[in-house]
K.L.:
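Structure below; questions to follow.
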Amino acid sequence: VQQESDFNPLHGHSTYSNVGLSSFTWLSFPQKVLDNVKSGLLDDRNQAGWTHIHYGQTPSFGDRFFMFPQKVSLVPEIGKLYLFPSWLEHVVYPFKGKGKRVSIATNINIWT
């Protein structure tokens, strides 16, 4: 459960097995977050409360100094389930306004 100004910093999940999956689904969002989605204005300024999946490497030296981070922005949708490798890093940005952002997350061990 997250309330106004709460966030999850960039992180991955771990499992006891070498291969693992993680998942999450959203149960509720503050009305302001949902209104931003309905408005169709989905630029970076209107993505408060969203989850962003980051992948790849972004070196900050040599000839690749201007290489931008690779990410996928997940549009908030109540009830949608995302399943991904546990090592995949993700972040949730804070939102302003009344209401709660509620989600359920799981980690799954895969044994061979």
K.L.:
Which heavy atom in Phe29 sits nearest to a heavy atom in Ile78, and how many Å separate them?
P.N.:
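In this case the closest contact between Phe29 and Ile78 is CD1-CG1, 4.0 Å.
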
K.L.:
Suppose we screen for side-chain contact (heavy atoms from CB on, under 4.5 Å). Which residues come up paired with Val19, at least two apart in sequence or across chains?
P.N.:
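Ile110.
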
K.L.:
Can you name the closest pair of heavy atoms from Tyr82 and Val75 and give their distance?
P.N.:
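Heavy atoms only, the tightest pair is OH-O, 4.2 Å.
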
K.L.:
Check Lys71, His11, His52, His54 against His90 for a side chain to side chain donor-acceptor pair (under 3.5 Å) and give me the one that passes.
P.N.:
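Answer after filtering Lys71, His11, His52, His54: His11.
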
K.L.:
What distance separates Leu83 CG from Leu21 CG, expressed to the nearest 0.5 Å?
P.N.:
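Answer rounded to 0.5 Å: 5.0 Å.
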
K.L.:
Does Phe7 form a side-chain contact (heavy atoms from CB on, under 4.5 Å) with Tyr93? I'd like the steps, not just the answer.
P.N.:
CA-CA 5 Å; Phe7 67 96; Tyr93 294 118; 5.8 Å; no

K.L.:
Enter the distance from Phe95:CZ to Lys100:NZ here, rounded to the nearest 0.5 Å.
P.N.:
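If we round to the nearest 0.5 Å, Phe95:CZ and Lys100:NZ are 10.0 Å apart.
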
K.L.:
Check side-chain contact (heavy atoms from CB on, under 4.5 Å) between Ser17 and all other residues, then give those that pass, not counting sequence neighbours.
P.N.:
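Only Thr15, Asn109, Trp111 meet the side-chain contact (heavy atoms from CB on, under 4.5 Å) criterion with Ser17.
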
K.L.:
Identify the heavy atoms of Asn8 and Val91 that sit nearest to each other, and give their distance.
P.N.:
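Between these two residues, the closest heavy atoms are O-CG2, 3.1 Å.
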
K.L.:
Any chance you could measure Tyr55, atom OH, to Leu88, atom CG, to the nearest 0.5 Å?
P.N.:
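The OH atom of Tyr55 sits 9.5 Å away from the CG atom of Leu88.
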
K.L.:
Give a yes or no answer on whether the side chain of Glu4 reaches the backbone of Gly97 with a donor-acceptor pair at less than 3.5 Å.
P.N.:
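Side chain of Glu4 to backbone of Gly97: a pair is present.
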
K.L.:
If you round to the nearest 0.5 Å, how far is CZ of Phe84 from CD1 of Ile53?
P.N.:
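So the gap between those two atoms works out to 5.0 Å.
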
K.L.:
Scan side-chain atoms only and decide if Lys96 and Ser5 contain a donor-acceptor pair under the 3.5 Å cut-off.
P.N.:
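Side-chain D/A pair, Lys96 to Ser5: present.
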
K.L.:
So, taking the atom named CZ in Phe24 and the one named OG1 in Thr106, what distance separates them when rounded to the nearest 0.5 Å?
P.N.:
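One finds 10.5 Å between CZ of Phe24 and OG1 of Thr106.
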
K.L.:
What pairs with Ser103 under side-chain contact (heavy atoms from CB on, under 4.5 Å), at least two apart in sequence or on another chain?
P.N.:
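For Ser103, the residues satisfying side-chain contact (heavy atoms from CB on, under 4.5 Å) (neighbours in sequence not counted) are Trp26, Arg101.
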
K.L.:
Grab the two heavy atoms, one from Ser22 and one from Asn107, that are nearest each other, plus how far apart they are.
P.N.:
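Minimum heavy-atom contact is OG-OD1, 2.6 Å.
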
